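A short worksheet on the structure shown next.
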Amino acid sequence: MPQAARFRDVEQLLKACAPGSSWRPSRHSRVVEANGRTYVSLPKFDNIFLPEIRKMLRHLSIDLECARGFIPGL
């Protein structure tokens, strides 16, 4: 089973690694906006699997090295 991170860690990551980013809840997921792009598939659960976080980082062009400072194991 893949490792998971708490959503509050993801929030801290977004504030530090993607200044000006925002997120909002939608019906079935969270919508994250950063770097002029939108990611619509972040789960609403408190624990989010690392592969899903990596997918979001790639889509939003967020630096993986910066993100690793907030979520070990990425």
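Reckoned from all heavy atoms, side chains included, excluding hydrogens, waters and symmetry mates. Owing to the predicted nature of the structure, the values given are computational and were not obtained by experimental measurement.
Between S61 and R37 the shortest heavy-atom distance is OG-NH1, 4.3 Å. Counting all heavy atoms, side chain and backbone alike, N35 lies closest to I62 at ND2-CG1, 4.0 Å. Here the shortest heavy-atom pairing between M56 and L14 reads CE-CD2, 4.2 Å. In terms of heavy-atom proximity, A18 sits nearest to A34 at CB-CB, 4.0 Å. Across every non-hydrogen atom of T38 and H59, the tightest pair is O-NE2, 3.0 Å. Nearest approach of G73 to L50, heavy atoms of both residues: O-CD1, 3.7 Å.
S21 contributes atom OG, which lies 8.5 Å from atom CG of L60 (distance to the nearest 0.5 angstrom). Taken to the nearest 0.5 Å, the OH atom of Y39 stands 8.5 Å off from the CZ atom of R58. With rounding to the nearest 0.5 Å, the separation of OG in S29 from CD1 in I48 is 10.5 Å. Here the straight-line distance linking atom CG of D46 with atom CZ of R6 works out to 8.0 Å at 0.5 Å rounding.
No more than 12 heavy atoms of other residues, nucleotides or ligands lie within 6.0 Å of NZ in K55, so this atom counts as exposed by the packing criterion.
Linking ILVMFWY residues whenever their side-chain heavy atoms come closer than 4.5 Å, directly or via other members, leaves L42 and F45 in distinct clusters.
A salt bridge is absent between E11 and R8: the closest approach of a Lys/Arg side-chain nitrogen to an acidic carboxylate oxygen does not fall below 4.0 angstrom.
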Kindly indicate, with the supporting measurements, whether the criterion side-chain contact (heavy atoms from CB on, under 4.5 Å) is fulfilled by D9 and F70.
-> CA-CA 7 Å; D9 294 334; F70 295 89; 5.8 Å; no
Stepwise side-chain contact (heavy atoms from CB on, under 4.5 Å) test for V10 and K15 = CA-CA 9 Å; V10 175; K15 286 179 186 176; over 6 Å; no
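Counting heavy atoms from C-beta outward, V32 and V40 have side chains that stay 4.5 Å or more apart. Looking at heavy atoms from C-beta onward, E52 lies in side-chain contact with P43 at the 4.5 angstrom threshold.
A distance-only check finds no donor-acceptor pair linking the side chain of R24 to the backbone of V31 [under 3.5 Å]. Panel note: side chain R68, backbone L74; a donor-acceptor pair is recorded below 3.5 Å.
The aromatic rings of F7 and W23 sit perpendicular, their planes meeting at an angle over 60°, well past the 30° parallel limit.
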